[in-house]
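To keep things clear, I will list the structure first and then write my remarks on it.
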Amino acid sequence: MTKKEIVKQISDEIGLTQLKTKEIVQKTFNAIVETLIRERRIELRNFGVFEVKKRKAARRGTPRPASRCSSRRNSW
């Protein structure tokens, strides 16, 4: 489901314009992201717990079997 679909569904259910609903949905997502950046964890009751975790760089194969490359770690 895309953000646009979420906005349309909420807008239809509560009777707000899609523009106003989009603003509310975006502010909600922004608050979640800002909390993750600041506190590295957010718990949304009856939905889930989200945490920022550091991982080692992964070893990835390339189309050429003899060569390998590393992906970068998440910089959050």
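- One hydrophobic cluster, built from ILVMFWY side chains closer than 4.5 Å, holds both F47 and I32.
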Stepwise side chain to side chain contact (heavy atoms under 4.5 Å, CB included) check, I24 with L16: CA-CA 10 Å; I24 293 167; L16 284 177; 3.9 Å; yes
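- Not counting sequence neighbours, the partners of E51 by the side-chain hydrogen bond (donor to acceptor under 3.5 Å, both in side chains) test are R41.
- Put simply, CD1 on I42 and OG1 on T35 are 4.5 Å apart, with the number rounded to the nearest 0.5 Å.
- Other residues, nucleotides and ligands contribute more than 12 heavy atoms inside 6.0 Å of the CD1 atom of I14.
- Residue pairs meeting the side chain to side chain donor-acceptor pair (under 3.5 Å) criterion with at least one partner in residues 20-32, sequence neighbours excluded, are K3-Q26, Q26-N30.
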Derivation and outcome, side chain to side chain donor-acceptor pair (under 3.5 Å), residues E5 and Q9: CA-CA 6 Å; E5 292 169 331; Q9 183 176 349; over 6 Å; no
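- In this structure, the side chains of L36 and F50 come closer than 4.5 Å at one or more pairs of heavy atoms.
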